[in-house]
Amino acid sequence: MTVPYRFEQTAMAAEVAARWGHLSAGEESGDAVAVAGRVMLARPQGRLAFAELRDSSGAVQLFALASATKDFDEFARLRLGDWVGARGEVVRTKRGELSVKVGEWVLLAEARRPFGDKWRGVTDVETRYRQREVDLWANPQSRTRLLMRSQLVRRMRERLWDRGFVEVETPILHPIPGGAHAHPFVTRHRALDADFYLRIAPELYLKRLVVGGFERVFEIGRLFRNEGLSPRHNPEFTTLELYQAYADYEDMMALVEELVADLALDLCGSTSISYQGRPLDLAPRWRRATMAELVEEATGLPLSVHTPRDELARAAGDLGVPVEPGWGSGKLLLEVYEKTAEPSLWEPVFVRDYPAEVSPLARRHRSDPELTERFEAVVAGRELANAFSELTDPDDQRTRFEEQAAQHEAGDEEAMVVDAEYLRALEHGLPPTGGLGIGIDRLAMLFADATNIREVITFPTMRPERLHGGDPEPAPGADPGSSEGD
RNA sequence: GCGCCUCUAGCUCAACGGCAGAGCAACGGACUCUUAAUCCGCAGGUUCGGGGUUCAAAUCCCCGGAGGCGCACCA
C-alpha cells in the first residue's frame, strides 16, 4: 500500500468541535473538511462504521457509510493506531456525536504493531520511558506533561527577554570541566587529539560573556553529570543559568520568586498550587533564612562556620551525619544542614549565606569572609535554584581554585581544578554580577506534580536496550518473509 | 554500589505446589447511528533466562538479566 507524500488538512479536531459544535443531532452542515490523525477507536458496524480520529488538538469521530464512503470495506478494516486522512461533510449523527461523514479517505500510515489496551493503555513504566512515542498516544497525561514543559520553557524565555536578558549558547564540549562539583563525562576529539568533557555547568563561559559586555545573559540548555540515576536525577538535565551585571544575590532572590510565581500563574493559573496533595504557596515574598539559622531550628544547636571544627564534627556525629576527615567547618555545616534541615522544608525558602569552603565561585559575604553571598531556593524540600553574588576578584578566585585543586589532589574527583582561561577572563574585569541557576526539570516536576524526573523528561536516560542485530523484535503478526531490510 | 519488590498472550491482569486463564487487541463472520458498541467463532505462551528441590514448579530455592521503589552518590 503506497501512502501519499502529503495530505491537505483543512481543520483540526478541535476546530471542528468549535465551529460546528452548534449542530443538533441528525443535522448536516453542508460544509466539507479534511481532517487527519490517528485512529484511536474503531467501531465497524455492518454497512456503517465509526472511528475516533485523534490529532494534536483533540479527537473527532469519522462516520462512514457503505453507500457514501469510498473503499468502505477497507475503511471498516482500519486498525487502532492507523493514521488516516479523511475528507467529508461535518455532521452530527442521530445519536448526537459530531462527526466527519467520510467521502474520500486515505491511509497515511499503517500501525504494524498493536497499540496496547484501548481502555487501560500502556502502564508498564519501561515501555512508557523507552517507547515514549507509544506512551504519548496511550496516555494523555504524558502528552499534557510534555506540553506543559514546553510552555514552561517558552514562558521562561519570554519573561527573561522582557527583562532585557539576551539568550546565548556556550560550548558543551569543555576542555576543563568547571562551574560545579560533579563527575563529568569524558569524550575524545580525534583531530585535536584531546579529551573534552561534556559540560557540568555553563557558568564560567556565561560570566566571560558578562566580561565581554553582555550585561544580562541567559542560557537554557543541557548539562551532563556522570552520576547515579534516581527519581530526581537524570544524567542529562536542563537548567536555566543567567547572569546580571550590577546585581547581587538579593536581586537574584527577587528575580527567582517573581519568575517562579509568574510561571505558576502561567502554567497552573495560580501561585497557590498543590504538590503531592500538600498545598504550596509560591507567591512572593519567600522566606529568607541563613543556613546557620535553619540548622539551629532543626537541631536546637547554635552551629556555624565559626564553630570549632572538632565541635562541629562531634555535633554532626551525634546527629547521625557521617563525617569525613578532609572536611572543614564549612563542609560540615553544609552536611548537617542537608541532613537535618533541608528535608523538612516545604514552603519556599531562600537558604542563604553558604560557607565559602563549599562555594568556590561565589563572592565572600560582605560581613563575613568565611561565608559567601550564595543561596539555594528550596521548595517542597528540594533544591530548585542556586545563586550568588559572583566572585569577581581574580586573586580570590585563584585562591579558591587552588583550594579546590588541593581537594582534587586529595581524592575528591568532583572538586574543581584551576581554570587559567577563566582567570585570564576575570583579569579583564568582571563587574559586580548576580548569577542564578534553576533546574528546569525540577521546576517542571513541581508544576506537573510529578515525583519522578523521568515523567518530565521526554526520553530519560535508560540502560541501552539490547535488540538483536540492531533490529527490534519483529512486529507481532508481521509476515517474517516480507519484512523490510535485513 | 546496597536493600526491598516486580517480570505470565500484543496490552491490562488472574492463577501462588496440582490440566496456564480472562478482558481488550488481532484474525473469520453478523449487524445502517456507534460511544470501551454488541453478538458468534477462531487463534494466541520458552510464565524473563539458566540450574536445583519435588511424583508434580508460573508458583519453592540458587545464579544471572531487565525494571520499579528506597538508600548511597548528586555542594
Side-chain angles (χ1 to χ4, degrees), chain A residues 25-26 40-52 59 61-69 72 76-77 79-81 91-99 101 111-131 134 138-139 179-183 200-201 223 225-235 237 291 322 327 330-335 337-339 342 351 354-362 372 374 376 382-383 386 388 404 407 412-416 437 439 442 451-454 462-466 473-478:
Chain A
M40 298 306 288
L41 285 173
R43 292 182 289 272
Q45 196 188 329
R47 309 293 287 164
L48 281 179
F50 302 90
E52 181 185 318
Q61 177 169 270
L62 300 182
F63 172 43
L65 297 100
S67 56
T69 302
F72 176 82
R77 278 201 295 273
R79 308 196 334 183
L80 264 51
V91 303
R92 193 180 283 281
T93 59
K94 289 180 196 167
R95 292 292 180 87
E97 187 72 25
L98 194 63
S99 307
K101 188 171 154 188
R112 291 192 188 182
R113 290 174 184 272
F115 223 63
D117 191 284
K118 71 179 177 184
W119 184 239
R120 281 183 270 196
V122 176
T123 58
D124 179 69
V125 287
E126 185 175 1
T127 306
R128 290 190 49 237
Y129 297 155
R130 285 195 192 276
Q131 301 184 55
V134 172
N139 299 304
H181 192 252
H183 286 287
I200 55 175
L223 268 46
R225 295 188 184 177
N226 208 338
E227 293 158 356
L229 289 72
S230 89
R232 285 166 292 282
H233 300 269
N234 198 63
F237 60 103
M291 181 178 288
W327 294 353
K331 175 69 174 168
L332 284 166
L333 184 70
L334 176 69
E335 289 291 319
Y337 157 74
E338 287 189 341
K339 295 292 187 295
E342 188 178 85
V351 183
Y354 274 58
E357 179 185 345
V358 294
S359 311
L361 300 169
T372 57
R374 170 186 172 189
E376 285 194 359
R382 296 188 186 151
E383 299 157 22
N386 182 22
F388 25 95
Q404 285 285 307
Q407 288 176 25
D412 182 356
E413 292 177 18
E414 299 184 348
M416 296 178 200
R442 299 277 176 88
T451 54
N452 194 317
I453 196 168
R454 290 175 159 185
M462 303 285 283
R463 187 183 300 274
E465 265 186 294
R466 281 203 297 270
E473 77 279 12

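So you know, we letter chains A, B, ... as the sequences are listed, proteins then strands, and number each from 1.
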(request) Select base, sugar-phosphate, or nothing to describe what A:Pro355 touches, counting heavy atoms under 4.0 Å on all strands. (result) nothing
(message) Which heavy atom of A:Thr372 sits nearest to which heavy atom of A:Ala356, and what is that distance?
(response) CG2-CA, 3.5 Å
(message) Given B:C33, B:C11, B:A75, identify the nucleotide with an atom nearest to the side chain of A:Thr93.
(response) B:C33
(request) Starting at atom CG of A:Leu80, determine the distance to atom C1' of B:C27, rounded to an integer number of angstrom. (result) 15 Å
(request) Please figure out whether A:Ala180 or A:Gly96 has its closest RNA chain B nucleotide nearer the 5' end. (result) A:Gly96
(message) Between C1' on B:A37 and NZ on A:Lys94, what's the gap in Å once rounded to a whole number?
(response) 16 Å
(request) For the residue pair A:Glu383 and A:Arg232, establish whether any side-chain heavy-atom pair is separated by less than 4.5 Å. (result) no
(message) As a test of reading the structure: which of B:A66, B:A36, B:G70 is closest to the side chain of A:Leu41, going by heavy atoms?
(response) B:A36
(message) Is there a side-chain contact between A:Pro235 and A:Leu229 in this structure, where contact means two heavy atoms from C-beta onward sitting under 4.5 Å apart?
(response) yes
(message) What is the distance, to the nearest angstrom, from the CD atom on A:Gln131 to the C1' atom on B:A66?
(response) 14 Å
(message) Rounding to an integer number of Å, can you tell me how far A:Arg43 CZ sits from B:U38 P?
(response) 10 Å
(request) Could you tell me whether the phosphate oxygens of B:G28, OP1 or OP2, come under 4.0 Å of any side-chain nitrogen or oxygen in A:Arg77? (result) no
(message) For the backbone of A:Lys331 and the side chain of A:Glu357, can you confirm whether one donor and one acceptor N or O come within less than 3.5 Å of each other?
(response) yes
(request) Determine the interatomic distance between C1' on B:G67 and the same-named atom on B:C27; round to the nearest Å. (result) 32 Å
(message) Side-chain N or O of A:Arg47 versus OP1/OP2 of B:A30: is the shortest distance under 4.0 Å?
(response) no
(request) May I ask you to evaluate whether A:Ser359 reaches the phosphate of B:A75, defined as a side-chain N or O under 4.0 Å from OP1 or OP2? (result) no
(message) Applying a 4.0 Å non-hydrogen cut-off, can you work out what A:Glu376 is touching in the nucleic acid: base, sugar-phosphate, or nothing?
(response) sugar-phosphate
(request) For B:A26 versus B:A58, give the span between their C1' atoms, rounded off to a whole number of Å. (result) 25 Å
(request) For residues A:Leu361 and A:Met416, determine if any side-chain heavy atom of one lies less than 4.5 Å from a side-chain heavy atom of the other. (result) yes
(request) Could you give the distance separating B:C16 and B:C11 at their C1' atoms, to the nearest angstrom? (result) 23 Å
(request) Considering just the side-chain nitrogens and oxygens of A:Arg225, establish if one lies under 4.0 Å of OP1 or OP2 belonging to B:A75. (result) yes
(request) For A:Arg113 and A:Gly81, indicate whether the former's side chain and the latter's backbone hold a donor-acceptor pair under 3.5 Å. (result) no
(message) How many whole angstroms separate atom CD of A:Glu335 from atom C1' of B:A72?
(response) 12 Å
(message) Please determine whether a side-chain nitrogen or oxygen atom of A:Lys118 lies at a distance below 4.0 Å from atom OP1 or OP2 of B:A37.
(response) yes
(request) Counting heavy atoms from C-beta on, name the nucleotide in B:C69, B:C33, B:C71 closest to the side chain of A:Phe63. (result) B:C33
(message) Does A:Gly121 reach a base, just sugar-phosphate, or nothing at all? Heavy atoms under 4.0 Å.
(response) sugar-phosphate
(message) So, does A:Asn452 get its side chain near the phosphate of B:C69, meaning an N or O under 4.0 Å from OP1 or OP2?
(response) yes
(message) Please report the distance, rounded to the nearest Å, between CG in A:Asp124 and P in B:C24.
(response) 22 Å
(request) With P as the reference atom in both, quote the distance from B:U32 to B:A22 in angstrom, rounded to an integer. (result) 30 Å
(message) Quick check: do A:Val91 and A:Phe63 have side-chain heavy atoms less than 4.5 Å from each other?
(response) yes
(request) Indicate, with a heavy-atom threshold strictly under 4.0 Å, whether A:Met40 touches base, sugar-phosphate, or nothing. (result) nothing
(request) For nucleotides B:C39 and B:C61, find the distance between their C1' atoms and express it as a whole number of Å. (result) 48 Å
(request) Pick base, sugar-phosphate or nothing for A:Glu383, based on heavy-atom distances below 4.0 Å to the nucleic acid. (result) nothing
(request) Report yes if some heavy atom in the side chain of A:Pro360 is under 4.5 Å from a heavy atom in the side chain of A:His181; otherwise report no. (result) no
(request) In whole angstrom, give me the gap between the C1' atoms of B:G1 and B:G17. (result) 36 Å
(request) Ignoring hydrogens and angles, answer whether the base of B:U32 and the side-chain atoms of A:Gln45 contain a donor-acceptor pair closer than 3.5 Å. (result) no
(message) What's the closest nucleotide to the side chain of A:Arg79 if the choices are B:G67, B:C33, B:C27?
(response) B:C27
(message) Is the shortest side-chain heavy-atom distance between A:Arg225 and A:Phe237 below 4.5 Å?
(response) yes
(message) Measuring only the C1' atom in each nucleotide, how far is B:G18 from B:A30? A whole number of Å is fine.
(response) 41 Å
(request) Identify which nucleotide among B:C27, B:G67, B:C69 has an atom closest to any side-chain atom of A:Val125, counting heavy atoms from C-beta outward. (result) B:G67
(message) Both A:Glu97 and A:Arg442 contact RNA chain B. Taking the nearest nucleotide for each, which residue is further toward the 5' end?
(response) A:Glu97
(message) For A:Tyr337 and A:Tyr354, take the angle between the two ring planes, folded into 0 to 90°, and tell me which bin it lands in: parallel under 30, tilted 30 to 60, perpendicular over 60.
(response) perpendicular
(message) Rounding to an integer number of Å, can you tell me how far A:Lys339 NZ sits from B:A72 P?
(response) 6 Å
(request) Specify the separation, in whole Å, of atom CG of A:Leu48 and atom C1' of B:C33. (result) 6 Å
(request) Can you tell me which stems RNA chain B forms, taking runs of 3 or more consecutive Watson-Crick or G-U pairs with both distances under 3.5 Å? (result) B:1-7 with B:65-71, B:10-13 with B:21-24, B:27-30 with B:38-41, B:48-52 with B:60-64
(message) For the C1' atoms, the ones on B:C71 and on B:G52, what distance do you get once it is rounded to whole angstrom?
(response) 33 Å
